[in-house]
Amino acid sequence: MSAPRGEFSSRFGFILAASGSAVGLGNIWGFPTQAANNGGAAFLVIYLLMAFGLAYPVLMAELIIGRHAKANAVTAMAVIARGPVSKKLGMGVGYTGIAASCLILCFYSVVAGWMISHFLASLSDIVNLSDFSAWLTSLNLIGNALFALIFLVLTIFIVSGGIKGGIEKWSIRLMPGLLAILLLLIIYVLTLDGAMVGLKAYLLPDFSKAVEPKLMVSALGQAFFSLSLGVGTMLIYGSYVGKGENLVSLGYAVTFLDILISVMAGLLILPAMYVAQYNGVVIYNESGLLIAENTLIFTVLPALFDTMDLVGQWVSMAFFLLMTIAALTSSISMLEVPVAYVVENHKVDRRRASWLIGTVISFMAMIIVVNFELLFGFIVMLTTRYGQPLLGFMLCLFVGWIWHRNRVLDELRKGYVQVEHSLFWKVWPFYIRYICPLAILMVFSQLFIA
Ligand code: TRP
């Protein structure tokens, strides 16, 4: 049991790795699409409420459990249990989280594969290989399978390098690039005709669209997905944080960065949509709903890039590179969940565990590719609509009701001696015990109301 565990080398390393996990397709695709469809800033307001009010407390629960136990999700949940029953239950939560994390990685890699193929398509356009480019963007079976696999191999490669030498190293390399590309794209798009209308649509809230209860469900789901909650990702990253670090401020930094990137992505995507509209691309139908909501970035944005000639191809390449990087720093955190478990509890060498589990997940992803219509939507719904909120709910129960409050406090004191007198400690324990589980249940129950 005492094989040395990896650890992030610094606060900075942890923040980049954890925000790398958080910042992904959910931020740059999911959030702007939902904002565009649900009243712009009105959705943003609800989203902020959900993210700070419900997701941040659960994120803290995961980080604290992880750092306390210094172990994978299954062992960690057993450590904080009180008796044999809660121990079994906790391990069940851990196993379910691992399964959910693998399933999420399956569909995520399919989507990330599309990003790679679109990136290569722009590159081919630039060097005048237009037939190849057309094949790449046609989303055919072979292409879908091939690029999902390439993406998975990249993911496995990074995870097999370990915490410092893989996850942290690559997060530090990739995240600044992501931020730079995003900033440049925002600045560029905002100078184009039509962008200001989009900016208005984004920043002037239309509350008539944002009051429906279903929207709360979407916002909560979005917040949980965006902060990578419920499945043990943040728990395992928390387990690699040194005992001298202040978890409260780390959690805060990660939440803040995640929300910041979502808001920034909105500043890119919504104006880009209206620039496309200005250039003659139809984006909303008569009833004011987004056309092709789910393929927004594969239809509207490429149509926009097409209206921009050669510059458009470079912008397109930058955009899909941004998406690929965002997806990669997230997928490594998904794979780390099962890998950490197998390495620690079954004494398998990390490199071997990464390739083994990665191969199994690749097979599962191929099954999704081949049965796309049947499986894709179903697995997305199963994991993100049901799995994540329910697992988040269980984590609240464990931290709020089962784990000894004094142990939680002891854990937080490491790295933050004054925590007992902080606002955080005045609010959070009550919050995670009563408010979060109730609110999650209330929002969740909306799923079953017609
Ligand atoms: N948060 C990432 C995004 O927004 C995706 C992600 C990474 C994730 N790890 C996760 C989602 C674990 C759910 C569970 O794209």
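For the numbers below, each heavy atom of this structure counts, side chains included, while hydrogens, waters and symmetry mates do not. Both counts, for ligands and for their atoms, begin at 1 and track the order of listing. Heads up: numbering here begins at 1 and tracks the sequence.
In terms of protein heavy atoms, atom 7 (C) of ligand 1 is closest to S228 OG, 3.3 Å. Here the heavy atom of the protein found nearest to atom 2 (C) of ligand 1 is S21 O, 3.2 Å. In terms of protein heavy-atom proximity, atom 4 (O) of ligand 1 is closest to A22 O, 3.0 Å. In this structure, atom 13 (C) of ligand 1 lies nearest to the protein heavy atom Q388 NE2, 3.1 Å.
In the displayed structure, F52 atom CZ is contacted under 6.0 Å by more than 12 heavy atoms of other residues, nucleotides or ligands. Within a 6.0 Å sphere centred on CG of L141, other residues, nucleotides and ligands contribute more than 12 heavy atoms. Heavy-atom contacts from other residues, nucleotides or ligands closer than 6.0 Å to NZ of K243 number more than 12. No more than 12 heavy atoms of other residues, nucleotides or ligands sit less than 6.0 Å from atom CZ of R351. Surrounding CZ of F376 are more than 12 heavy atoms belonging to other residues, nucleotides or ligands, all under 6.0 Å away. Within 6.0 Å of the CZ atom in R352, the count of heavy atoms belonging to other residues, nucleotides or ligands does not exceed 12.
If you check the side chains of S228 and S21, you find a donor sitting under 3.5 Å from an acceptor. Counting only N and O atoms by type, the side chains of S331 and T155 include a donor and acceptor under 3.5 Å apart.
The atoms of ligand 1 that sit less than 4.0 Å from any heavy atom of G24 are 3 (C), 4 (O), 15 (O). In the vicinity of S333, heavy-atom distances shorter than 4.0 Å reach the ligand 1 atoms 7 (C), 9 (N). The contact set between ligand 1 and N27, taken as ligand atoms under 4.0 Å from a residue heavy atom, comprises 4 (O). Which parts of ligand 1 touch V231 is read off a 4.0 Å heavy-atom cut-off, strictly below it: atoms 12 (C), 14 (C). Proximity to I104 (heavy-atom distance under 4.0 Å) selects the following atoms of ligand 1: 13 (C), 14 (C).
Polar contact check, G26 against ligand 1: a nitrogen or oxygen pair lies under 3.5 Å apart. In terms of polar-atom proximity, defined here as any N/O pair under 3.5 Å, L25 does make such a contact with ligand 1. By the 3.5 Å distance cut-off applied to N or O atoms, F225 is counted among the residues near ligand 1. Where the criterion is an N or O separation shorter than 3.5 Å, residue side chain and backbone included, Y108 meets it with respect to ligand 1.
F14 places none of its side-chain heavy atoms less than 4.5 Å from the side chain of E245. No side-chain heavy atom of D258 sits less than 4.5 Å from a side-chain heavy atom of S19.
At a heavy-atom cutoff of 4.0 Å, ligand 1 is contacted by no atom of F224, backbone or side chain.
In this structure, S101 has no heavy atom closer than 4.0 Å to ligand 1.
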